[in-house]
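Accompanying notes for the structure given below.
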Protein chains: 2
Amino acid sequence: MAQRKNIARDDILLSAHALLANVGFHGFSMRDLADEVGISSASLHHHTPTKDEMATAVVQRERDRLNKRLASIGAEHEDWPRRRPELMQSLTETRLTAVLMAELAGLPPKCQAELRLLHSNLIGWLTRFATEAIRRQEMPQNTEPEALAGTMLALAQGAALYSTVAPVGPTWLLADLRPVTSAL
Amino acid sequence: MAQRKNIARDDILLSAHALLANVGFHGFSMRDLADEVGISSASLHHHTPTKDEMATAVVQRERDRLNKRLASIGAEHEDWPRRRPELMQSLTETRLTAVLMAELAGLPPKCQAELRLLHSNLIGWLTRFATEAIRRQEMPQNTEPEALAGTMLALAQGAALYSTVAPVGPTWLLADLRPVTSAL
DNA sequence: GTCTATACAGGGATAGAC
DNA sequence: GTCTATCCCTGTATAGAC
């Protein structure tokens, strides 16, 4: 019944996600998206009434996906050494959030709010992971979990940002960053 | 004679830089910029004929500024422990490049080319710094300079990207990232 | 160098037929 | 649900007077 509509909406959100992650919210038009999906712009607006709503839905989807993914990582492993690679890979593969964060102030209200929520979720997960790792003595004891969460997010999302011009190599996130990050 | 014009163009590029770094290339209009500067959009186009040219000029300026800054850091100190903080701070304070990299594929041709050049310059500097630090035995000997350059850029620019929502704290880039980056 | 006025394309969004 | 056609606004850019 409503099956075909749902499928169509998923197709739209998938194409929308790709465009958003490539050129950002203001980098493409609803007509561009309609062409990508293969329908008219009027049909597109039938499924997703405004551009704001469309982008919001995409971000919401990504937020759900990431929350589930991070929860799964937390449930699958207890130790940080095994959580780390999957976690960093997940965040490094997520270019959407990095691109939208870049234009945050220019985003329409709903989409902007949803993105802030996504960011807040991520910081929450990362802080929790760091806290546990410190308690388990798998991280230095004098580390602040919040600072580490911010740094991890910056590193992974920065890599995502530059992934189009310099693909993250196998050794990228494995380098010993002590000389970069540790104080004198 | 041409003095007032140059001053005006600098005013324009300064306001343009702020807008570009805040909401990205497609996040504002030439009218917005004209309003910001305090002139009509026609006057704006008198100084900078196209939006592409305007953004290109801003990126070019930033490229010059960064090249001089990094050269100065390299000349001022010889050792990596003293180069590191100034270097990372310079890159973390540069939000413009991070925002524009996000929409790279959607940028007009000249601006896109100029941005790629800026990125290439940065990687060049970072790779050189890393190479020297390794030779001076201030970094682990088994590190690949290119990988480290990419990672440093990702970390700093990621921090720049998220600086609007979570200002980089004093401990941020000082954390020991071994648990994040080093392999199992 | 600055303005008003305007051209013209492209943007988001809607009407209404099928 | 999809289309064609269209509305109306915004966007870039130009013309031409002052």
Side-chain angles (χ1 to χ4, degrees), chain A residues 1-20 22-59 99-100 103 105-112 114, chain B residues 1-20 22-59 99-100 103 105-112 114:
Chain A
M1 14 179 96
Q3 191 95 21
R4 282 182 59 201
K5 178 183 175 181
N6 284 341
I7 290 178
R9 186 170 162 93
D10 275 13
D11 288 347
I12 289 170
L13 294 185
L14 212 69
S15 293
H17 186 123
L19 282 170
L20 285 169
N22 264 325
V23 292
F25 182 87
H26 293 104
F28 69 98
S29 69
M30 291 296 269
R31 288 195 237 260
D32 292 334
L33 176 54
D35 287 352
E36 196 72 25
V37 178
I39 57 179
S40 72
S41 90
S43 298
L44 175 59
H45 275 92
H46 174 79
H47 291 282
T48 171
T50 68
K51 197 182 181 184
D52 186 1
E53 188 275 340
M54 176 272 289
T56 305
V58 170
V59 175
V99 171
L100 292 186
E103 43 182 349
L107 293 177
K110 289 181 193 169
C111 178
Q112 183 175 145
E114 188 65 35
Chain B
M1 14 181 79
Q3 192 95 20
R4 285 180 58 202
K5 179 182 173 179
N6 285 340
I7 290 178
R9 184 170 163 96
D10 274 14
D11 287 348
I12 289 170
L13 294 185
L14 213 68
S15 293
H17 185 122
L19 282 170
L20 285 168
N22 264 324
V23 292
F25 182 86
H26 294 104
F28 69 99
S29 69
M30 291 297 267
R31 285 195 240 255
D32 292 334
L33 176 55
D35 287 352
E36 194 72 25
V37 178
I39 56 178
S40 71
S41 90
S43 297
L44 175 59
H45 275 91
H46 174 77
H47 291 283
T48 171
T50 69
K51 197 182 181 186
D52 185 2
E53 188 274 340
M54 175 272 289
T56 305
V58 171
V59 175
V99 171
L100 292 186
E103 44 183 351
L107 294 177
K110 289 180 193 170
C111 178
Q112 183 175 145
E114 188 64 36

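Just so we're on the same page: letters track the sequence lines, and every chain starts at 1. Atom set for the values below is all heavy atoms of this structure, side chains included, hydrogens, waters and symmetry mates excluded.
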Can you tell me how far [atom2] of [N] sits from [atom1] of [X], to the nearest Å?
{"X": "A:Leu44", "N": "D:dC3", "atom1": "CG", "atom2": "P", "answer": "10 Å"}
{"X": "A:His46", "N": "C:dA17", "atom1": "NE2", "atom2": "P", "answer": "17 Å"}
{"X": "A:His26", "N": "D:dG11", "atom1": "NE2", "atom2": "P", "answer": "9 Å"}
{"X": "B:Arg9", "N": "C:dT2", "atom1": "CZ", "atom2": "P", "answer": "13 Å"}

Open item on the list: Please determine whether a side-chain nitrogen or oxygen atom of A:Ser43 lies at a distance below 4.0 Å from atom OP1 or OP2 of D:dG1.
Closed with: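 For D:dG1, OP1/OP2 do not have a side-chain N/O of A:Ser43 under 4.0 Å.
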Provide the closest heavy-atom pair for [X] versus [Y] in the form atom of the first, atom of the second, distance.
{"X": "A:Pro49", "Y": "A:His45", "result": "O-CD2, 3.0 Å"}
{"X": "A:Gly24", "Y": "A:Glu103", "result": "CA-OE2, 3.0 Å"}
{"X": "A:Ala57", "Y": "A:Arg9", "result": "CB-NH2, 3.4 Å"}

[X] side chain: which of [options] is closest?
{"X": "B:His47", "options": "C:dG1, D:dT2, C:dT14", "result": "C:dG1"}
{"X": "B:Ala42", "options": "D:dA5, C:dA5, C:dT2", "result": "C:dA5"}
{"X": "B:Ser40", "options": "D:dC3, C:dT4, C:dG1", "result": "C:dT4"}

Dump the pairs, protein N or O against N or O of nucleotides 8-12 of chain C, anything under 3.5 Å, distances to one decimal.
unit_1, atom_1, unit_2, atom_2, d
C:dG11, N7, A:Arg31, NH2, 2.4
C:dG11, O6, A:Arg31, NH2, 3.4
C:dG12, OP1, A:Met30, N, 3.4
C:dG12, OP1, A:Lys51, NZ, 3.1
C:dG12, OP2, A:Met30, N, 2.6
C:dG12, O6, A:Arg31, NH2, 3.1

- [ ] Mind checking side chain to side chain contact (heavy atoms under 4.5 Å, CB included) for B:Glu36 and listing every partner two or more places apart, or none if nothing turns up?
- [x]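 Once residues adjacent in sequence are excluded, the partners of B:Glu36 under the side chain to side chain contact (heavy atoms under 4.5 Å, CB included) criterion are B:Ser15.
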Task: Partner residues of A:Pro108 under the side chain to side chain contact (heavy atoms under 4.5 Å, CB included) criterion, sequence neighbours left out - done: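 Only A:Phe25, A:Asp52, A:Cys111 meet the side chain to side chain contact (heavy atoms under 4.5 Å, CB included) criterion with A:Pro108.
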Task: B:Leu107 backbone acceptor or donor facing B:Gln112 side chain under 3.5 Å - done: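 Yes, the answer is positive, given that a donor and an acceptor are paired below the 3.5 Å cut-off.
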